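Note that the structure is a prediction, hence the values are computed from the model and not measured. Just so we're on the same page: letters track the sequence lines, and every chain starts at 1.
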Number of protein chains: 2
Amino acid sequence: MLVWEREEPPSRPVPAPLSRERILGAAIGLADVDGLEAVSLRKVAAVLGVGPMRLYGYIATKEELLDLMVDAVHAEIRPVGDGWREALHSLAETTRQAAHRHEWFADLIGGRPRLGPHALARGEAVLAAMGDIDLDIVVPAVDAVDAYVIGAVRREITEWRAERATGMDKRQWQATFGPYLERVFATGRFPALESVVRDGPHPDPDETFRTGLDFILDGIEARISN
Amino acid sequence: MLVWEREEPPSRPVPAPLSRERILGAAIGLADVDGLEAVSLRKVAAVLGVGPMRLYGYIATKEELLDLMVDAVHAEIRPVGDGWREALHSLAETTRQAAHRHEWFADLIGGRPRLGPHALARGEAVLAAMGDIDLDIVVPAVDAVDAYVIGAVRREITEWRAERATGMDKRQWQATFGPYLERVFATGRFPALESVVRDGPHPDPDETFRTGLDFILDGIEARISN
DNA sequence: GCTTGCATCGATACGGCGTATTTGCCTGAT
DNA sequence: ATCAGGCAAATACGCCGTATCGATGCAAGC
């Protein structure tokens, strides 16, 4: 009768081997759920069921992990459609959507120089979608749209967090900040601001984003067909 | 003969009393010199020659200190000149200059919801300088310029830091990243990127910033005089 | 088959952080 | 003289990124 020489532990099956990808996935999962400040090497390691020091076999530093996270989001950003205007428009919109899926992206975007493979692939796709317009226009145009999207997304998510922090919806928010603004306006030092808050437009975030983007695209179009 | 009843300690004269302003000044000084990550409550307190806990008599939390820092920079940002276009242009330029004076501002801008008195005053000055254009245009226009400036400044300072981190000047930087880019391009997966890097324009930061800003201002102008 | 070297992984350790809590002192009132 | 209260300082706690060390298990040599 044969004896089995290597018994497989039945209760805990072989854990998937650690890898850069698994670490990255755990970090993104933590950030999606609990925000960027919940991403610590200790917590990431805990999610993966290993000690914190194990991670250093796959990443050199926490900064590198954050770079990987940013690059991973770039994989979700691609221009679609025909023509330069549609390309830039969809570039902006898909970036914004990616930031909505990963709020922490707004904290990191524009603040990290590293060009990972997905960021490069995004850049390549954007340039390819711009057609054969003069590079002297394409480069500044893409840069301008990128800059706008970075700022717009940052502001939007920051504001959304602030609203969420006080009460849930916009009604709650107005009830909270209303008195503060009333007191500020009562000083009479901000008449123009006061009139804007009272009588100005209060567009929703989608419209605000699109309007600003259209300004840029119109400005670019004027330059292209000068 | 009279005796003096309270002798002044001569070696250590009465230290200036602690205050929100002195704390804020120390924090900004640290950040200007050593970057935002050098701003810790312990170090700020050390600069002021007090224990860390003393600060909590003047600020509630480190976050509040960061809010104060951001608001302080807003005091340096004002539109100048006549007409809406000059107002928005100078708003963008003075913001960029403030970020050059305080690099850490680029790390915080757009990521902090709090409206301090100087931020409100800046907003008031901008609106006042916009003249009597329809609010339905002024509000999106200012928002768009703000968003663009946030992103542009962030990218510019991030890139500048990356260059400074490797070697000092641009020549050094190309020598460092050149081989990496060569290897990436050698894969043939990024032909459009490659042609841009090889044949595309390489404008200086000032020009890049102005070009993107002009796109937006042109787009706004088209909307105003539709 | 036993030992020895090495590589690998876990645990521990260090210095720093934001901040809560405790301790000690100084002042002014009783 | 005693005590109470307030304030500054010191200490402490839990967390962080990461350096270092110790144990463990496996491969190669005798």
To the nearest angstrom, how far is B:Y56 atom OH from D:dA9 atom C1'? 15 Å

Rounding to a whole Å, what distance do you find between B:K62:NZ and C:dT19:C1'? 12 Å

Which nucleotide wins on minimum distance to the side chain of A:L41, given the candidates D:dT18, C:dG18, C:dC17? D:dT18

Quick one: is B:K43 getting a side-chain N or O under 4.0 Å of the C:dC17 phosphate, OP1 or OP2? yes

Separation of C:dC17 atom P from B:L36 atom CG, nearest Å, is 13 Å

Quick one, B:F209 with B:E93, criterion side-chain contact (heavy atoms from CB on, under 4.5 Å). Give me CA distance, side-chain angles, the key distance, then yes/no. CA-CA 9 Å; B:F209 184 80; B:E93 290 289 357; 3.9 Å; yes

Measure from CD on A:E64 to P on D:dG17 and round the result to the nearest Å. 15 Å

Let me spell it out: for each of A:R42 and A:G51, pick the nucleotide of DNA chain C with the closest heavy atom. Which residue's pick is nearer the 5' end? A:G51

Whether the A:E76 and A:H102 side chains hold a donor-acceptor pair (N or O, under 3.5 Å, no angle test) is what I'd like checked. yes

Checking the side chain of B:R122 only, and the main-chain atoms of B:I77 only, is there a donor and an acceptor separated by less than 3.5 Å? no

Give a yes or no answer on whether the side chain of B:S90 reaches the backbone of B:V80 with a donor-acceptor pair at less than 3.5 Å. yes

Take atom CG of A:L65 and atom P of D:dG17, then tell me their distance rounded to the nearest Å. 10 Å

Here the distance between atom C1' of D:dA9 and atom CE of B:M53, to the nearest Å, is 10 Å

Euclidean distance, atom CD of residue A:E37 to atom C1' of C:dT19 [Å, nearest integer]: 17 Å

At under 4.0 Å, does any side-chain N or O of B:T61 touch on OP1 or OP2 of C:dG18? no

What is the distance, to the nearest angstrom, from the OH atom on A:Y58 to the P atom on D:dT18? 18 Å

Using OP1 and OP2 only, check whether a side-chain N or O of A:R54 sits under 4.0 Å from C:dG10. yes

